[in-house]
There are 2 protein chains.
Amino acid sequence: MDQRQALGAFAALSQETRLQIVRLLVVAGPEGMAAGALAEKVEVSPSNISFHLKELEHSGLIAAQRQSRSIIYTAHYESLGGLVRFLMEDCCSGHPEICAPAAEVAACCTPKMEETLR
Amino acid sequence: MDQRQALGAFAALSQETRLQIVRLLVVAGPEGMAAGALAEKVEVSPSNISFHLKELEHSGLIAAQRQSRSIIYTAHYESLGGLVRFLMEDCCSGHPEICAPAAEVAACCTPKMEETLR
DNA sequence: TGAATGATTCAAGGATGATTGAAATATGGA
DNA sequence: TCCATATTTCAATCATCCTTGAATCATTCA
């Protein structure tokens, strides 16, 4: 993830509806969610969710694939991980004060680290 | 860092000039940089840098303090760390696929983790 | 006080982003 | 083929953000 992509990702996540969409898709996992289901959850019009989904897709944070009549959207884990990495490494130069809290979170969710730290 | 603050932080970082400012201030450390020095580095007008600095200050990512004639800006490490944490924990629900790359970065910059992982 | 320096504020503009509803596209089933 | 479903596209409007230059404020020093 380079600076250009990071700028686009930050812009994409700076809008409430879009942030909600990403959170829902991360929780939904690899199966993803259909545009209509997202629209219902987020409580916006089909037209509106389509606009924001296209915006997110263009930023690379989510991906789309047609499945019968529905279009299924999934979170693009690599990009999200890349954004976290960019923020810690490229933007913040790996400053311990900034990355320390991230290490705590990482320790709680990555199995390998649980072993070494607990 | 709650969602409202995160949205503001993402918006603040989605602009090239502002992202550059944050990067410069993180590298500058606790001593920070004066508005004029930042304007020179980033190559924008005093008026323009002032606009973006105010935007960043309002988002909580940087702080300002007058020192004689200059106004010194510093990166607010807590907020930046909070943003990384929000992205990993609140937004991405601690998904290993997303947090794993962050763990690598964290391992490289936090002294305690270097011992346990190398 | 008066001049110089460093920075902010203000107003005007142009550009970009968000929302809305109507129309269009694509798929699946009767 | 015809209809219903799922979603996107389009055009118009409104709001927000970015940029620019001139004017203003705060500080230091002669």
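Nothing here was measured: the structure is a model prediction, and the numbers come from that model. The chains referred to below are lettered A, B, ... by the order of the sequence lines, with proteins before strands, and numbering in each begins at 1. These values consider heavy atoms only, across backbone and side chains, with no hydrogens, waters or symmetry-generated copies.
Computed from coordinates, the B:F51 CZ to C:dC10 P distance equals 14 Å when rounded to whole Å. The distance from atom CE of B:M33 to atom P of C:dG6 is 14 Å, rounded to the nearest whole Å. Spacing between atom NZ of B:K54 and atom C1' of D:dC18 amounts to 14 Å, rounded to whole angstrom units. Between the C1' atom of D:dC17 and the CG atom of A:L7 lies a distance of 15 Å, rounded to the nearest Å. One atom, CZ of B:R66, and another, C1' of C:dT5, lie 11 Å apart when rounded to the nearest Å. Residue B:E55 contributes atom CD, which lies 8 Å from atom C1' of D:dC17 at whole-angstrom precision. Here C:dT19 presents its C1' atom at 15 Å from CD of A:E16, a figure rounded to the nearest Å. Look at CG on A:N48: it is 15 Å from C1' on C:dA22, rounded to the nearest Å.
At a threshold of 4.5 Å between non-hydrogen side-chain atoms, the residues B:E16 and A:Q3 count as touching. The closest side-chain heavy-atom distance from B:M1 to B:R85 is not below 4.5 Å.
With hydrophobic clusters built from ILVMFWY side chains whose heavy atoms lie under 4.5 angstrom apart, A:I72 does not share a cluster with A:L61. Taken together through direct or relayed side-chain contacts under 4.5 Å among Ile, Leu, Val, Met, Phe, Trp and Tyr, B:I21 and A:L7 form part of one hydrophobic cluster.
Using N1 to N3 plus N6-O4 or O6-N4 for Watson-Crick, or N1-O2 and O6-N3 for G-U wobble, each under 3.5 Å, D:dC18 pairs with nothing. In this structure, D:dA26 and C:dT5 make a Watson-Crick or G-U wobble pair, each of the two defining distances being under 3.5 angstrom.
A:A11 comes within 4.0 angstrom of nothing in the nucleic acid, heavy atoms only. Among the protein residues, B:S50 comes within range of the nucleic acid bases, having at least one heavy atom under 4.0 Å from a base atom.
Proximity of A:R18 to the phosphate of C:dA18: a side-chain N or O atom is located under 4.0 Å from OP1 or OP2. Put simply, A:Q67 has no side-chain N or O that comes within less than 4.0 Å of OP1 or OP2 on D:dT7. Not one side-chain nitrogen or oxygen of B:R69 sits closer than 4.0 Å to the OP1 or OP2 atom of D:dC25. Contact annotation: B:H52 reaches the phosphate of D:dT19 (side-chain N/O to OP1 or OP2, under 4.0 Å). Within the structure, a side-chain polar atom (N or O) of A:Y73 is placed less than 4.0 Å from OP1 or OP2 of D:dT8. For B:S45, no side-chain nitrogen or oxygen approaches OP1 or OP2 of D:dT20 to under 4.0 Å.
There is a side-chain donor-acceptor pair under 3.5 Å between B:H95 and B:E97.
The base of D:dG21 sits within donor-acceptor range of the side chain of B:S47, with an N or O pair under 3.5 Å.
Along DNA chain C, the nucleotide nearest B:S70 and the nucleotide nearest A:S14 are compared for position; the residue whose nucleotide lies closer to the 5' end is B:S70.
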